[in-house]
Amino acid sequence: IPNHSSFLVSSELNIWKDITLRHYSTITLAVCCLVFLSPQSQAAKLLILGDSLSAAYGFEEGSGWVSLIENHFQANHEIINASISGDTTSGGLLRLPQLLTKFSPTHVIIELGANDGLRGYPLSIIEDNIKKMIEICRSKASTPILFGMRIPGNYGSRYAEGFANIYTKIAIEKNVD
């Protein structure tokens with residue numbers, strides 16, 4: 001009998017891989033437009049603060065979305081992938097100040113919250129952590145870019161919809177792309 005939890009992890013990983021690869025073109029276009037069509041004339045330095053989706057957990061080396069978009073960047077632009085598989089908004093919030101000081105990025109992609117949602121964390125905590133990360137980025141003259149996400153409906157429609165709506169709400173309130 002197969003280990004049920006291993007099956008779930010494997011199935012969830014395959015679903016995330018499928019979603020990531022299907023949306024690769026959209027992600028690439030969005031990132032390239034936001035970073036390269038910004039009013040800055042200097043080279044961009046992009047810091048990616050994410051979870052397993054950005055860390056490419058379970059992908060062959062070089063096939064995650066971060067590696068794939070690097071092929072579209074010119075040599076004078078830099079990507080720093082500070083993503084950690086399993087990371088939460090709390091973990092990202094703790095690590096962000098040091099990363100900003102160390103790398104001085106022009107832009108920061110915040111791709112966090114999925115693990116918070118999958119663990120059933122209170123939506124208010126997820127929202128507060130993301131808002132704090134946006135403010136920290138701005139305080140260090142970095143432009144935040146927020147990646148929205150969804151969780152499976154089996155968490156209940158109220159929680160799943162509330163989770164997805166956090167990202168739109170924050171983007172509007174904080175004027176974030």
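Residues: numbered from 1 along the sequence shown. Treat the numbers as computed from the prediction; the structure is a model and nothing was measured. All values below come from the heavy atoms of this structure, side chains included, with hydrogens, waters and symmetry mates left out.
A salt bridge (charged side-chain N to carboxylate O under 4.0 Å, His left out) check over residues 105-118, counting only residues at least two apart or in different chains, returns nothing. Sorted by first and then second residue, the salt bridge (charged side-chain N to carboxylate O under 4.0 Å, His left out) pairs involving residues 81-98 (not counting sequence neighbours) are D87-R95. Contacts classified as side chain to side chain donor-acceptor pair (under 3.5 Å) and involving residues 159-172 (residues at least two apart or in different chains) are given here: E127-K169.
Within the 4.5 Å cutoff, no side-chain heavy atoms of E78 are placed close to those of L46. Looking at heavy atoms from C-beta onward, D128 lies out of side-chain contact with I126 at the 4.5 angstrom threshold. Side-chain atoms of L47 and I109, non-hydrogen and from C-beta on, never get closer than 4.5 Å to each other. Between L93 and K131 there is no side-chain heavy-atom pair separated by less than 4.5 Å.
Distance check: L49 CG to L112 CG gives 4.5 Å after rounding to the nearest 0.5 Å. For the atom pair CD1 (I84) and CG (D51), the distance works out to 10.5 Å, reported to the nearest 0.5 Å. Rounded to the nearest 0.5 Å, atoms OG1 (T143) and NE2 (H107) are 4.5 Å apart. One finds the OG1 atom of T89 at 9.5 Å from the CG atom of L94 (value rounded to the nearest 0.5 Å). Atom CD1 of I110 and atom CG of L96 lie 6.5 Å apart (nearest 0.5 Å). The CD1 atom of I166 sits 11.0 Å away from atom CD of E173, with the distance rounded to the nearest 0.5 Å.
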Name every donor-acceptor pair, under 3.5 Å, that has one atom in a side chain of residues 97-104 and the other anywhere in the protein, sequence neighbours excluded.
from	atom 1	to	atom 2	distance (Å)
T101	OG1	P97	O	3.0

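Contacts of N81 classified as side-chain hydrogen bond (donor to acceptor under 3.5 Å, both in side chains), with partners at least two apart in sequence or in another chain: S83. Residues meeting the ring pair (Phe, Tyr, Trp, His ring centres under 6.0 Å) test with Y121, sequence neighbours left out: none. Listed by chain and number, the residues in a side-chain hydrogen bond (donor to acceptor under 3.5 Å, both in side chains) with K140 amount to none (sequence neighbours excluded).
Of the possible polar contacts, none joining the Y155 side chain to the G120 backbone as a donor-acceptor pair under 3.5 Å is found.
Pairing each heavy atom of T106 with each of A44, the nearest pair is OG1-CA, 3.5 Å. Residue A160 comes nearest to G153 through the heavy atom pair CB-CA, 4.3 Å, listed as atom of the first residue, atom of the second, then distance. Scanning all heavy atoms of the two residues, the minimum distance from S142 to P105 falls at OG-O, 2.6 Å.
More than 12 heavy atoms of other residues, nucleotides or ligands lie within 6.0 Å of CZ in R119, so this atom counts as buried by the packing criterion.
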